[in-house]
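Just so it is clear, the structure is predicted and the values come from calculations on it, not from any experiment. Throughout, residue positions are numbered sequentially from 1 according to the sequence presented.
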Amino acid sequence: MAEGYRQVRMYVRLGVCSGTSFDDDPDAFQAFRDLARTFVEREIEPHHEQWEEDGQVSREVWLAAGKAGLLGTDVPEEYGGGGVADFRYNAIIDEELTRAGASGIGFPLQNDVVAP
């Protein structure tokens, strides 16, 4: 299991995705948001303008997102996913991409439409 997925599983154990509200454990909620925000700031924002010009996102950012646990969080572990069936993780990722203005990255399409 990728390191990022281990972090996601940790958030599940902390209660973020165990049926409790995010408000029940704001530290865990913020930890996952920080993971997503840091990834977007480091791996997407510096390259986004070039990708928009090229009309293509790099393969490397997709591989890095998978390794970080930002893709397929709700896909069962036996198929290589995170095994966390909670749409709120997708919402956090979507919010952080929107915050950065990274509309063409494609992660929401993968996580919200293709994978389920």
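- Of the candidates Val40, Ile44, Ile93, Ile44 is the only one forming a side chain to side chain contact (heavy atoms under 4.5 Å, CB included) with Ile105.
- Atom CG in Asp94 sits 6.0 Å away from atom CZ in Phe87 (nearest 0.5 Å).
- We find the CZ-CG distance between Arg88 and Asp74 to be 13.0 Å, quoted to the nearest 0.5 Å.
- Side-chain atoms of Val61 and Trp51, non-hydrogen and from C-beta on, do get closer than 4.5 Å to each other.
- Crowding of Glu78 atom CD: a count of heavy atoms from other residues, nucleotides or ligands under 6.0 Å exceeding 12.
- Interatomic distance, His47 NE2 to Arg42 CZ, rounded to the nearest 0.5 Å: 12.0 Å.
- Between Ser103 and His48, the shortest heavy-atom contact is N-NE2, 3.6 Å.
- In this structure the side chain of Arg99 reaches within 4.5 angstrom of the side chain of Glu41, judged on heavy atoms.
- Between Leu71 and Trp62, some side-chain heavy-atom pair lies under the 4.5 Å cut-off.
- Between Arg33 and Glu95, the closest side-chain pair of non-hydrogen atoms falls below 4.5 Å.
- Counting all heavy atoms, side chain and backbone alike, Ala36 lies closest to Glu96 at CB-CG, 4.0 Å.
- Between Phe32 and Leu70, some side-chain heavy-atom pair lies under the 4.5 Å cut-off.
- Atom CD of Glu53 has more than 12 heavy atoms from other residues, nucleotides or ligands within 6.0 Å.
- Between Phe39 and Phe107, the ring planes are tilted. Angles from 30° to 60° get that label.
- In summary, Glu45 and Arg37 do not engage in a salt bridge, as defined by a charged side-chain N under 4.0 Å from a carboxylate O.
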